[in-house]
Amino acid sequence: MKKTFLVFCLMLSMFIISCGKGNKASGKSVSFNMEAEPTSLDPQILTDMSGLFITSMTYESLVRLNDKNEIVAAGAESWTKSDDGKVWTFKIRQGMKWSNGDPLTAKDYFNGIKRGIEPKTASEYAFLAYYIENAENYNNGSLKDFGKVGIKLKDDYTLEFTLSQPAPFFLKTLIMPIYFPVNEKALATNGEGYATEANKSIYSGPFIMEEWVHDNKVVMKKNPDYWNAQNIKLDTLTGLIVTDFEAATNLFENKELDLTKISVEKMANYEGKPELHKFPNGRVYYLGFNTSNPVLKNQKVRQALSLSVDRKELVSSILNGAGITASGIVSNGTAGEKGDFREEAGDLFAQFSNVNAKQLFEQGLKELNMTPAQVKLHLLVDENGTGKKEAEFYQSQWKDKLGIDVQVEVLTKKERIARAKAGQFEIVRYAWGPDYADPMTYLEIFHSKAKDINFAKYSDPKYDELVDLAKVNQDNKARMDAMKQAEKILSDNFTYSALYYEVGAYLINPKLKGVVIRSVGDSIDFYNASIGK
């Protein structure tokens with residue numbers, strides 16, 4: 001790949017943290033709100049942000065992002081690419097160790113990637129490896145011989161990838177946990193319990209997980225054997241699980257948290273103060289409609305449910321301005337052909353500005369031989385942040401504008417994710433944050449082959465064709481045009497419908513420096529964090 005693509009880095013600031021009070025450990029310690037119980041801390045299986053926070057600190061990836069969101073060396077000290085862009089060769093850093101003293105070698109990275117695409121692992125992120133030759137066929141079971149997959153262990157410290165076609169952003173995907181190393185000894189010892197508790201894995205990153213109290217906290221201690229330990233400045237990193245931002249704000253004020261999202265109700269109290277930091281973080285919130293439901297199978301009904309939600313009022317009244325009205329599934333701040341993809345693709349809802357949602361709804365029900373009174377729908381939201389408030393808003397919008405009563409079920413984030421992926425929902429509020437700096441990170445999750453991440457089972461051959469084209473095309477304009485067309489097809493179908501782009505509002509201890517808040521990958525990164533007195 002000889003072209004470079006414009007990367008819009010949304011990371012705005014770095015901070016440093018001091019010892020606090022309450023439950024915080026002594027020494028150079030940091031406590032932050034990870035908001036939700038991780039769905040998993042198994043790198044090849046996890047899909048949520050809480051899991052990514054922890055594993056990015058406890059496992060060493062081939063490459064990392066620096067404070068400018070640039071790819072830098074980590075477990076791989078260097079790499080080369082063939083002239084045709086298909087063969088990538090990584091030199092693994094020598095002298096690295098696992099937390100049990102075992103050497104960390106190329107074989108451990110090989111093992112991790114192999115495990116990530118093995119059908120029995122059922123990794124939802126396996127699709128990220130599909131750029132590798134025959135990885136998709138091996139993952140779907142049509143190819144049994146892993147030796148034909150384009151991942152080769154050349155020697156103890158050399159790993160080679162052969163891609164089926166040049167991929168413009170392959171290197172950027174290597175920050176994701178599916179590419180993290182796996183120690184065979186730890187996997188064999190723990191079996192099905194691998195990575196389900198703090199003591200059921202071993203670690204290779206800057207921190208070692210010392211304690212995982214489910215639904216409460218994760219405690220990590222500095223790894224003395226980490227190859228770059230001399231530059232890791234924190235001794236203890238604790239992620240508390242506080243789903244209620246109001247409660248988290250109180251903990252911050254009581255000096256029991258050093259970093260947390262703030263409740264929208266208390267934001268005004270911190271305006272102009274050094275603790276408050278706001279920035280668009282690339283996260284898109286959207287509604288997913290289960291088209292296996294007889295009512296929601298009708299596109300006009302889905303469209304009416306979506307268009308009846310006043311997104312401007314949602315952002316101003318419910319979010320207190322901590323959001324940007326969505327105009328497509330790809331968030332603003334994402335690189336496009338020459339500038340911002342969102343600006344180039346335009347507002348995909350503008351064409352519906354004069355549509356009467358009530359009339360559209362009635363037309364859809366007429367096609368179904370139903371009346372509004374016969375419509376019985378449920379909305380799933382999670383308890384985190386503004387979930388409950390948003391649910392009440394959507395309920396009132398649908399009642400006032402469409403004349404229907406939609407029941408709401410409030411779940412934990414873990415339960416909401418599980419229910420959605422199992423297809424046990426009618427309407428669900430969901431969110432997606434970018435894994436890497438390209439529009440593809442949003443669009444590929446709705447491909448028909450994206451498994452459970454495409455939880456509403458959206459499928460459109462033309463959409464798939466355009467996404468597949470954009471994955472491999474080396475011409476930036478051609479691939480961006482393909483993604484713009486694909487996004488419009490997705491938006492016009494209304495199986496998924498964007499609501500808003502999150503503006504992260506954080507309270508951060510003014511003494512905290514060096515922690516990076518970014519929009520891609522691990523959105524809170526403590527790799528360079530330090531403590532001021």
Side-chain angles (χ1 to χ4, degrees), residues 20-25 29-59 124 177 190 192-201 203 205 207-221 236-263 283 285 380-391 408-422 424-425 428-431 433 452 455 504 506-507 522-524 526:
K21 299 179 180 179
N23 295 326
K24 293 173 64 179
S29 62
V30 170
S31 61
F32 71 102
N33 184 14
M34 55 190 286
E35 301 176 23
E37 168 80 356
T39 56
S40 173
L41 288 181
D42 181 335
Q44 275 70 43
I45 292 177
L46 69 89
T47 61
D48 64 308
M49 192 55 67
S50 297
L52 187 53
F53 285 157
I54 304 305
T55 56
S56 65
M57 289 290 98
T58 53
Y59 295 87
E124 293 177 36
N190 294 292
E192 292 184 1
Y194 176 71
T196 58
E197 302 291 344
N199 63 354
K200 291 188 180 297
S201 183
Y203 305 98
F207 292 87
I208 296 170
M209 197 192 323
E210 183 178 73
E211 185 180 16
W212 180 6
V213 182
H214 293 279
D215 296 306
N216 182 277
K217 65 180 178 180
V218 173
V219 180
M220 294 165 279
K221 295 288 187 179
T236 305
L237 185 57
T238 301
L240 298 183
I241 300 169
V242 187
T243 60
D244 185 339
F245 290 163
E246 185 79 10
T249 301
N250 292 335
L251 289 173
F252 179 87
E253 293 173 347
N254 197 38
K255 302 188 184 304
E256 295 179 62
L257 276 174
D258 297 292
L259 186 153
T260 182
K261 283 183 181 175
I262 187 173
S263 64
R283 195 169 184 81
Y285 280 78
L380 296 187
V381 298
D382 59 61
E383 60 190 355
N384 290 48
T386 57
K388 295 177 185 177
K389 287 185 64 178
E390 286 183 48
V408 170
E409 192 170 357
V410 181
L411 308 170
T412 66
K413 184 176 180 180
K414 187 174 183 178
E415 289 171 330
R416 187 262 297 161
I417 292 173
R419 287 272 295 274
K421 290 177 179 177
Q424 298 171 1
F425 73 97
V428 62
R429 167 190 173 266
Y430 218 84
D452 289 346
F455 58 84
Y506 284 86
L507 290 177
D522 51 332
S523 60
I524 304 177
F526 293 94

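Model, not experiment: these values are computed from the prediction. Quick note: numbers below take in every heavy atom, side chains included, and nothing from hydrogens, waters or symmetry partners.
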Taking every heavy atom of L259 against every heavy atom of Y506, the minimum-distance pair comes out as CD2-CD2, 3.7 Å
So do the side chains of E124 and K421 get within less than 4.5 Å of each other, counting heavy atoms only?
yes
Measure the CZ-NZ distance between R419 and K414 for me, rounded to the nearest 0.5 Å.
15.0 Å
Taking all non-hydrogen atoms of both residues into account, name the closest pair between Y59 and L41 and its distance.
OH-O, 4.2 Å
Measure the spacing between CZ of F526 and CZ of F32 and express it to the nearest 0.5 Å.
5.0 Å
If you measure from OG1 on T249 to CD1 on I262, what distance do you get to the nearest 0.5 Å?
4.5 Å
So, taking the atom named OG1 in T238 and the one named NZ in K217, what distance separates them when rounded to the nearest 0.5 Å?
6.5 Å
When rounded to the nearest 0.5 angstrom, what distance separates CD1 in I45 from OG1 in T55?
12.0 Å
With a 4.5 Å heavy-atom cut-off, do D382 and R429 have their side chains touching?
yes
Could you tell me the separation between the NZ atom of K261 and the CZ atom of F252, rounded to the nearest 0.5 Å?
15.5 Å
Trace of the side chain to side chain contact (heavy atoms under 4.5 Å, CB included) decision for V428 with F455:
CA-CA 10 Å; V428 62; F455 58 84; 3.4 Å; yes
Decide yes or no for L52 and P177: does some side-chain heavy atom of the first lie under 4.5 Å from some side-chain heavy atom of the second?
yes
Heavy-atom distance under 4.5 Å between the side chains of L251 and V242, does that happen here?
yes
Do you know which two heavy atoms are closest between N33 and A248, and how far apart they sit?
ND2-CB, 3.5 Å
Regarding R416 and the six-membered ring of Y430, is the cationic atom NZ or CZ under 6.0 Å from the ring centre and inside 45° of its axis?
yes
Show the numbers, then the answer: is there a side chain to side chain contact (heavy atoms under 4.5 Å, CB included) between V381 and L411?
CA-CA 6 Å; V381 298; L411 308 170; over 6 Å; no
Within a strict 4.5 Å, meaning less than it, do heavy atoms of the I54 and M220 side chains meet?
yes
Side chains of D48 and T39: do they bring a donor and an acceptor to under 3.5 Å?
yes
Is there a donor-acceptor pair under 3.5 Å between the side chain of S50 and the backbone N or O of M34?
yes
Flag side-chain contact, heavy atom, 4.5 Å: W212 against V219:
no
All heavy atoms of I208 vs all of Y203, minimum pair found to be CG2-CD1, 3.6 Å
Could you go step by step and tell me if M209 and V218 meet the side chain to side chain contact (heavy atoms under 4.5 Å, CB included) rule?
CA-CA 7 Å; M209 197 192 323; V218 173; 3.8 Å; yes
Do N199 and E197 have a side chain donor and acceptor closer than 3.5 Å?
no
Partner residues of T196 under the side-chain contact (heavy atoms from CB on, under 4.5 Å) criterion, sequence neighbours left out:
K200
Would E35 and K413 pass as an ion pair if we require N to O under 4.0 Å?
no
What closest approach, in Å, do D258 and S29 show between heavy atoms, and which atom pair accounts for it?
OD2-O, 4.4 Å
Are more than 12 heavy atoms, taken from residues, nucleotides or ligands other than K388, located less than 6.0 Å from that residue's NZ atom?
no
On a heavy-atom basis, the closest approach of V408 and A391 is CG1-CB, 3.7 Å
Beyond-backbone contact of T412 with E37, side-chain heavy atoms, under 4.5 angstrom:
no
